[in-house]
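Convention: sequence-line order gives letters A, B, ...; per-chain numbering from 1. Computed from heavy atoms alone, side chains included, the values below leave out hydrogens, waters and symmetry copies.
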There are 2 protein chains.
Amino acid sequence: MHDHTPPPPKDDPAFAKHDHHRCAGEGLARAEEILAGRKVRLTPVRRRTLEILLEDHRALGAYEVLERLAADGFGNQPPVAYRALEFLVDHGLAHRVRRLNAFTACRHSGQDHAPAFLICRQCNAVAEAPADAVRSALDTTADKLGFVIERSNIEALGLCPACRDAA
Amino acid sequence: MHDHTPPPPKDDPAFAKHDHHRCAGEGLARAEEILAGRKVRLTPVRRRTLEILLEDHRALGAYEVLERLAADGFGNQPPVAYRALEFLVDHGLAHRVRRLNAFTACRHSGQDHAPAFLICRQCNAVAEAPADAVRSALDTTADKLGFVIERSNIEALGLCPACRDAA
DNA sequence: CCTTGACCTGTTATGATATTACATAGATAT
DNA sequence: ATATCTATGTAATATCATAACAGGTCAAGG
Ligand SMILES: [Zn+2]
Ligand SMILES: [Zn+2]
Ligand SMILES: [Zn+2]
Ligand SMILES: [Zn+2]
């Protein structure tokens with residue numbers, strides 16, 4: 001007789017070793033595809049901002065992004081970063097993580113969308129978890145009160161698999 | 001022949017006319033009960049802060065609270081408000097609404113807890129919706145990735161029943 | 001009683017996050 | 001080429017939040 005062990009957890013790229021160079025490259029490529037359809041431009045600042053966010057599966061504060069941009073020869077005043085970030089968020093290429101007052105690259109540009117964020121308090125990794133079930137539960141809840149949801153943010157703080165094991 | 005219309009939505013107090021004087025009074029009374037058990041004090045500033053939050057089913061920014069406190073003869077520097085608010089949040093008598101950088105009185109002190117917030121973008125009402133189903137969906141989602149949730153915030157922006165009807 | 005120590009309040013100063021307003025430059029369309 | 005729209009840069013300011021310290025209140029233990 002053999003055990004029916006539960007299926008091993010499927011790690012999110014944010015929490016597992018992976019070919020991140022490729023991961024980031026794909027993010028950028030997908031962004032270009034998506035924007036090509038719309039009549040908007042992925043200008044140098046915007047592109048660079050996205051690259052910066054894609055470097056890591058973390059969320060960066062606007063000022064952190066700004067420093068990087070300034071170092072790359074772009075403007076060094078807050079609106080430079082905030083505008084580029086707003087553009088990315090508006091086009092679904094990045095998300096704002098309210099709990100952290102920070103921004104993170106979207107890892108599912110175009111698809112799915114309406115993620116839940118899982119934030120590791122130890123290593124600061126931010127994963128975008130599929131949230132269809134969560135959204136649907138939330139919609140049902142709101143519906144019972146006659147409330148119409150337009151936008152929502154679902155964010156959880158805790159420990160990623162690696163940091164939990166290390167503890 | 002009669003219609004089987006779906007059951008009417010059960011309004012949250014935040015969205016419906018109700019005896020708010022009583023609603024606020026109960027909030028304060030419940031706070032006293034809860035704190036009585038613990039060895040902490042509901043000092044004048046703290047009590048007044050809670051009263052201010054209870055006045056309305058809205059979320060108030062810390063500086064808004066501070067103004068009110070100062071007008072009542074308390075200190076007029078940010079820590080005065082932030083400390084009182086932190087105390088209330090720590091003891092489950094108020095919640096922080098991250099989307100608004102603001103605080104709202106808890107309407108279910110002691111009970112349940114781990115609400116989802118429904119924020120009306122029109123009238124600014126904030127309702128605390130029961131979030132058990134949502135949390136459970138979120139836990140399941142996190143579990144699949146091996147992530148352990150410690151705290152989470154679930155907030156939705158949209159239109160309350162009244163404002164939706166008005167539109 | 002009166003000292004001690006915990007806790008609370010007040011104040012100063014500063015840090016962190018975000019937006020408004022305006023000027024200039026670049027792209028697009030006629 | 002010119003008008004128009006969009007994007008960028010900068011200055012100034014608004015908004016949100018915390019650190020550090022000084023003084024006051026109060027209850028417990030001597
Ligand atoms: Zn990656
Ligand atoms: Zn981690
Ligand atoms: Zn009420
Ligand atoms: Zn409303």
TODO: Starting from P on D/dA17, measure out to CG on B/L100 and report it in whole angstrom.
DONE: 11 Å

Task: Between C1' of C/dG10 and CZ of B/R46, the distance in whole Å - done: 14 Å

TODO: Rounded off to whole Å, could you give me the NZ-to-P distance for the A/K39 and C/dA27 pair?
DONE: 18 Å

- [ ] Mind calculating the distance between CD (A/E86) and P (C/dT17) to the nearest angstrom?
- [x] 18 Å

- [ ] Examine the side chains of B/T104 and B/R58 and answer whether a donor and an acceptor come within less than 3.5 Å of each other.
- [x] no

Task: For atom CD of B/E67 and atom C1' of D/dC16, their distance in whole Å - done: 14 Å

Open item on the list: At 4.0 Å (heavy atoms only), tell me whether B/R41 reaches a base, stays on the sugar-phosphate, or touches nothing.
Closed with: sugar-phosphate

TODO: Measure from the side-chain heavy atoms of B/P78 and tell me the nearest of D/dA11, D/dT18, C/dT11.
DONE: D/dT18

TODO: Take atom CD of A/Q77 and atom P of D/dA12, then tell me their distance rounded to the nearest Å.
DONE: 10 Å

Open item on the list: Tell me whether the rings of A/F147 and B/F15 are parallel (<30°), tilted (30 to 60°) or perpendicular (>60°).
Closed with: parallel

TODO: Check whether any side-chain nitrogen or oxygen of B/N76 sits under 4.0 Å from OP1 or OP2 of C/dG10, and answer yes or no.
DONE: no

TODO: Could you tell me the separation between the CG atom of A/L42 and the P atom of D/dT6, rounded to a whole number of Å?
DONE: 17 Å

Open item on the list: For B/N101 and B/R83, find the nucleotide of DNA chain D closest to each by heavy atoms; which residue's nucleotide sits nearer the 5' end?
Closed with: B/N101

Task: Lys NZ or Arg CZ of A/R96 over A/F103 ring: under 6.0 Å, within 45° - done: no

TODO: Please determine if a side-chain N or O atom of B/R96 lies less than 4.0 Å away from the OP1 or OP2 oxygen of D/dA17.
DONE: yes

TODO: Among B/E26, B/H20, B/H18, find the one that has a side-chain hydrogen bond (donor to acceptor under 3.5 Å, both in side chains) with B/R22.
DONE: B/E26

Task: B/E64 atom CD, over 12 foreign heavy atoms within 6.0 Å - done: yes

TODO: Look at all strands and tell whether B/R98 reaches a base, only sugar-phosphate, or nothing, counting heavy atoms closer than 4.0 Å.
DONE: nothing

TODO: Report the nucleotide, chosen from D/dG9, D/dA11, C/dA18, that has the shortest atom-to-atom distance to any side-chain atom of A/F74.
DONE: D/dG9

Open item on the list: From CZ of B/R99 over to C1' of C/dA18, roughly how many Å is that when rounded to an integer?
Closed with: 16 Å

TODO: Report the residue (B/Y63 or A/Y82) whose heavy-atom-nearest nucleotide on DNA chain C is the more 5′ of the two.
DONE: B/Y63

